[in-house]
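Comments concern the structure below.
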Amino acid sequence: MNSDEIKTRLTKVFRDIFDTPALELRDDMTADDIEDWDSLTHVDLIVEVEKEFKIKLSTGEVRKMKNVGDFITLIGSKVS
Amino acid sequence: MNPNKTINLDYRRLVRISKGLDVSSHPQQIRIALLSDAATQQFVPVLKALLHENGIGASFYEGPFDAIELETINPASGLYQFKPDFVILLNATQALRSRYYSHGLEAEFERIPRTWNAIQSSSLCRVIQCNFPLPYERPFGQFDLKLQNSFYTAVQSLNSHLATLVKDQGNVLLCDLESVASDLGRRNWFDDRLWDMCKTFCALDHLPAAAQAMVDLVLASLGRVVKCVILDLDNTLWGGVVGDLGYAGVEIAAHGDGEAFYRFQQFLLSLKNRGILLAVCSKNDLSNAVAVFESNPNMVLKRADITVFMANWENKADNIRQIRDTLQIGFDSMVFLDDNPFERNLVRNFLPDVIVPELPEDPADYISAISSLNLFEVTAFSREDVARSALYKEEADRREAQNSFTDINEFLKSLEMRAAIARFQEEEITRIEQLFLRSNQFNLTTHRYSAAECRALMNNKQGCIPLQISLQDRFGAHGLISIVVAWPQADTLFISDWLMSCRVLGRGVEQYVMNHVFATARELGLKTVSGDYLPTAKNAMVKDFWQRFGFEHAGGTSWRRPVAAYQDIPVHITELAPELAAH
């Protein structure tokens, strides 16, 4: 799966979780850029991503993620 | 209760529903306070959405994280300012774990009931205490069970300790999260990563199951309980068609071909023994159908276990309407079980309030399918529950006797009725609470008092007169069948509550009680008796109640009648000393 494909599917998850159908993801996006992105929706996000990509993320991996770009890289390393 | 009991417990779906959800239009509004040593921000929207789907608008108070004791001990806390109807105490196994490893669990055995007592000394709300899903770690393997104080066995004993304690706490309900977790599987239930990241007490996917367990308790507390299970016969209660096979030929046996049906009947019998009425609704010739109950020795259910028996060729919706008329209970308190999808859909279509669960193809799966819906939640269990089927049977005998009289007065006289009116008594509190919860039709104000509130009325020192009325006749004892709560206020005796079981309609009980009410007002030197009628979807039966007793409309919902002009209404009921009121 290439990173564009991952981004498309990740966008779908983000739009659902944050309830914003027009949301467009950028690699440098962080929790500061999305209003409802707090520690709790973060967990919702992780769990949905795990389901969408059929992967499992560890607590450490989740902690290390700083922005959407890190998220895409991490997913890429798990699905390949 | 939600009649579409095939509940969809999808976490994301419920979160989406609750976003921006306005529940203020539901006629039934409740206030729930949630205190927890876990994070509850994800849980509350789920709870709110599930209650909404059951027609209940809930507003929430979420206590500060891990402040259960502080909130409950301080009478000025946010908890009490919120004035909750329910307090949910959600203690997480994960939080318990860290306390266990630092100083053991002994303190918990005292601490948890202490919070109940603290709440009850400041509020009359109901307390819902969650028990603890058992942890998966067992340092000694299976040998753990031989140890008194491994974490696993300590949680086990804490759970059974809580279960023992709540037996004497009518106002505390135990939410069996351990059973929910073990049903789903402990390994799926816990997600330790979520606990580490944000103190979520179980996997997100299972938050709805936890919430549903609490919703079931809330619904039962609000009086939404199943009172009757209506059963099809062929291929539901036994295998095969009795019209073809005869009473001896149908499949029903303790072993072999009919075992699934045998087991199902045992399950139904346990429901009947706990106070749920069983009725039959079957397309059959009556004599063929009855013959199986009377003559097939393998039947677990006997004819006497069935309160209403409808076997004919009319459509099932009409038959269920008749069952309702006979039993005088609402459609929404009935469950209809039928193996035939056509009949299920027909009943769903014509009687949308009746609860019609899907039944699996294989009768071996009936019990597990029905149990998974948790249809039979209840908050108390009283003598009347055990005797309920018998009470309805006596009622049928009375009706038969009635048919032999042409004059209703002669009939009433022949019943030799005796009634006892007394203040609320401690040993009847369970039944009193239940009557407040279960009475919908003959109920003038439909206040749903908890056991604690009933007890508060009983102990009220401000002049409150809380009356319980029991009745018996020559066919047997009806038990406690009516409640009236009266308050002397200035120059009037104000009736805040008047309700009666529909089983004793048309006997003159309300007339007998009204005579008593006016006598009381007169003794107290009060000038009038007054009361309210608060209409609900179900209590139209008493909309003319005050008028029929000569009360004048006094504006709004209230009615009033002077004491001076009142003359006792003749009745065929004599006084029974309260201590002789049969139990």
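As the structure is a computational prediction, the values presented were derived from the model and not from experiment. Reminder, nothing fancy here: chain letters follow the sequence lines and each chain counts from 1.
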Next item on the list: Could you pull out the closest heavy-atom pair between B:K19 and A:D16, with the gap in Å?
Entry: NZ-O, 4.2 Å
Notebook entry, point to check: Any side-chain heavy atom of B:R193 sitting closer than 4.5 Å to one from A:V43?
Noted result: no
Next item on the list: Please state whether the side chain, the backbone, both or neither of A:V47 comes within less than 4.5 Å of a heavy atom of chain B.
Entry: side chain
Margin query: Need one label for B:D192: side chain, backbone, both or neither, based on atoms under 4.5 Å from any heavy atom in chain A.
Written below: neither
Item checked: Charged N-O contact under 4.0 Å between A:D19 and B:R16 -> no
Note to self: With a 6.0 Å cut-off (strictly less than), is the heavy-atom count around CD of A:E35, excluding the residue itself, greater than 12?
What the structure shows: no
Check: Quick one: CD on B:Q41 to CG on A:D38, what's the gap to the nearest 0.5 Å?
Finding: 8.0 Å
Check: Would you call B:Q42 and A:T41 a side-chain contact if the rule is heavy atoms closer than 4.5 Å?
Finding: no
Checklist line | Residue pair B:D205 / A:K51, side-chain heavy-atom distance below 4.5 Å | finding: yes
Note to self: Tell me the closest heavy-atom pair linking B:D196 and A:R63, and the distance in Å.
What the structure shows: O-NH2, 4.0 Å
